[in-house]
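Everything numeric in this text was worked out from a predicted model, so none of it was measured.
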Amino acid sequence: MAALLLKRLTSQTIKTGNNYISRCPGKCSLCETVPAQRSLGASVPRLSSWVHAEAFSTVADPQDEERKKKKKSKPAFNSIGRKIHERVIHVLDEAGNDLGNMHRADVIRLMNERDLRLVKRDSGTESPQYQLLTGAQIHKEQLRLRELEKANPKAGPTLTKELSFSSNIGQHDLDTKSKQIQQWIEKQYKVQITIKKGKNPEEPEQKMEEICHQILQTMPGLATFSSRPQPVRGGKAVMCVLRHLSKKEENAWREAQGTQKGDALNKEDRNHQESDVVHQ
């Protein structure tokens, strides 16, 4: 009896399911595809977090370049504001008086009371040394440091300019090139000169070297050979390098010029004395 009842319930359930499928085929297909998607997704490992990546580009950001320029041009002597990283610092007041070691909270309070700025003087000591200054004092010190930088510029790498021409160059063109070389030398450039041999078969072999010396003679007290004229390209050209005189060489040249002028004046005075004796 129980078996017969179970059989009837099973057949009724199958009929109900078939009727539902015929009435709603779209819903049934959707129900069947969802488990398939879940089973497919289960095989793919999930990322524990999102990975953020910046776009790669070879073009420099102009804003970054401007910020770098501002950092470079920013004076080294500057107020640090109220961001004091050390708990205890050594403090000087605006007149240079030593206030000793102070807690940063006391320093900030003093800055507020006197309307002063804090500038780092020496960070190498055990208690870093700072000084309280007015805005006008900071500005004055920045101007002084800029003037010192202009007076003593940092020596950077010496750049080299190159010039090449033929030995049959005309005098006017040679004068023009000599002026250009002099301008480069005045700007502390080295100048590499290459003189190629002209097509004239009767041209003297020493002419290329003579042109190098001729160019140097147009700049007395300014330039000298960094590399003397020497043959290159299998003797088909001569190359030399000119550079600016060093301070020591400039002083030696001035002393030599002064000695030569003194000798010339002494010789002229002796000639005058001898002529006076002859007339007497």
Q: For residues Leu216 and Leu174: do they belong to one hydrophobic cluster (side chain heavy atoms under 4.5 Å, members Ile, Leu, Val, Met, Phe, Trp, Tyr)?
A: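 Yes, because Leu216 and Leu174 connect within a single hydrophobic cluster, where side-chain heavy atoms sit under 4.5 Å apart.
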Q: Could you tell me whether the side chain of Gln180 reaches within less than 4.5 Å of the side chain of Lys161, counting heavy atoms only?
A: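 They are not in contact (no side-chain heavy atoms under 4.5 Å apart), so the answer is no.
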Q: Verify the cluster assignment for Leu245 and Leu159: are they in a single hydrophobic cluster under the rule of side-chain heavy atoms below 4.5 Å apart?
A: no
Q: Who are the side-chain contact (heavy atoms from CB on, under 4.5 Å) partners of Ser166, not counting sequence neighbours?
A: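 Residues passing side-chain contact (heavy atoms from CB on, under 4.5 Å) with Ser166: Asn168.
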Q: Locate the shortest heavy-atom distance separating Pro220 from Thr218; write the atom from each residue and the value.
A: CD-C, 3.4 Å
Q: Any heavy-atom pair between the side chains of Leu133 and Arg121 that's under 4.5 Å?
A: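 Counting from C-beta outward, Arg121 and Leu133 do come under 4.5 Å.
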Q: Is any side-chain heavy atom of Pro229 less than 4.5 Å from a side-chain heavy atom of His213?
A: yes
Q: Atom NE2 of His244 and atom OG of Ser226: how far apart are they, to the nearest 0.5 Å?
A: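 His244 atom NE2 to Ser226 atom OG measures 13.5 Å (nearest 0.5 Å).
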Q: Report, as yes or no, whether the 6.0 Å neighbourhood of atom CD on Glu113 holds more than 12 heavy atoms from other residues, nucleotides or ligands.
A: yes
Q: Is the closest side-chain donor-acceptor distance between Asp175 and Gln171 under 3.5 Å?
A: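 Gln171 and Asp175 do have a side-chain donor-acceptor pair below 3.5 Å.
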Q: Going by heavy atoms in the side chains, are Glu249 and Arg243 under 4.5 Å from each other?
A: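 Contact flag for Glu249/Arg243 side chains = yes.
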Q: I'd like to know if Ile211 and Leu242 are part of one continuous hydrophobic network [Ile/Leu/Val/Met/Phe/Trp/Tyr, side-chain heavy atoms within less than 4.5 Å].
A: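 Yes, because Leu242 and Ile211 connect within a single hydrophobic cluster, where side-chain heavy atoms sit under 4.5 Å apart.
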Q: Would you give the length of the straight line joining atom CE of Met111 to atom CZ of Arg82, rounded to the nearest 0.5 angstrom?
A: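 It is 4.5 Å, given to the nearest 0.5 Å.
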Q: Under the rule for side-chain contact (heavy atoms from CB on, under 4.5 Å), what residues qualify as partners of Leu99, not counting sequence neighbours?
A: Val91, Asp93, Met102, Leu110, Leu132
Q: Could you check whether any side-chain heavy atom of Ile80 comes within less than 4.5 Å of a side-chain heavy atom of Tyr130, counting everything from C-beta outward?
A: yes
Q: Got a sec, which residues hit side-chain contact (heavy atoms from CB on, under 4.5 Å) with Gln217, two or more places apart in sequence or on another chain?
A: none
Q: Can you tell me how far OG of Ser178 sits from CE of Met219, rounded to the nearest 0.5 angstrom?
A: 6.5 Å
Q: Tell me which one of Arg117, Gln142, Lys120 satisfies side chain to side chain donor-acceptor pair (under 3.5 Å) with Asn78.
A: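 That would be Gln142.
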Q: If you define the side chain from C-beta out and look only at heavy atoms, does anything of Thr176 sit under 4.5 Å from Lys179?
A: no
Q: Report the residues that fulfil side-chain contact (heavy atoms from CB on, under 4.5 Å) with Gln206, sequence neighbours left out, ordered by chain and then residue number.
A: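 Residues passing side-chain contact (heavy atoms from CB on, under 4.5 Å) with Gln206: Pro204, Glu210.
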Q: NE2 of His103: more than 12 outside heavy atoms within 6.0 angstrom?
A: yes
Q: Would you mind writing out the side-chain donor-acceptor pairs for residues 181-202 within the sub-3.5 Å range, not counting sequence neighbours?
A:
unit_1: Gln182; atom_1: NE2; unit_2: Glu186; atom_2: OE2; d: 3.4
unit_1: Asn200; atom_1: OD1; unit_2: Glu202; atom_2: N; d: 3.2

Q: Any side-chain heavy-atom pair from Thr134 and Leu116 closer than 4.5 angstrom?
A: yes
Q: Is there a path of hydrophobic side-chain contacts, each under 4.5 Å between heavy atoms of I/L/V/M/F/W/Y residues, joining Met239 to Met208?
A: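 Not linked; separate clusters.
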Q: Can you get from Leu163 to Ile215 by hopping between Ile, Leu, Val, Met, Phe, Trp and Tyr side chains that sit under 4.5 Å apart?
A: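 Linked, Leu163 and Ile215 end up in one cluster.
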Q: Do Ser167 and Glu203 have a side chain donor and acceptor closer than 3.5 Å?
A: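 Short answer, yes.
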Q: Would you mind listing every salt bridge (Lys or Arg N to Asp or Glu O under 4.0 Å) that reaches into residues 128-141, with sequence neighbours excluded?
A: Glu141-Arg144
Q: Given side chains that start at C-beta, do those of Arg104 and Ile89 come closer than 4.5 Å, heavy atoms only?
A: no
Q: Just verifying a value: how many Å separate Gln230 CD and Cys212 SG, rounded to the nearest 0.5 Å?
A: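 Answer for the CD-SG pair, Gln230 versus Cys212, is 10.0 Å.
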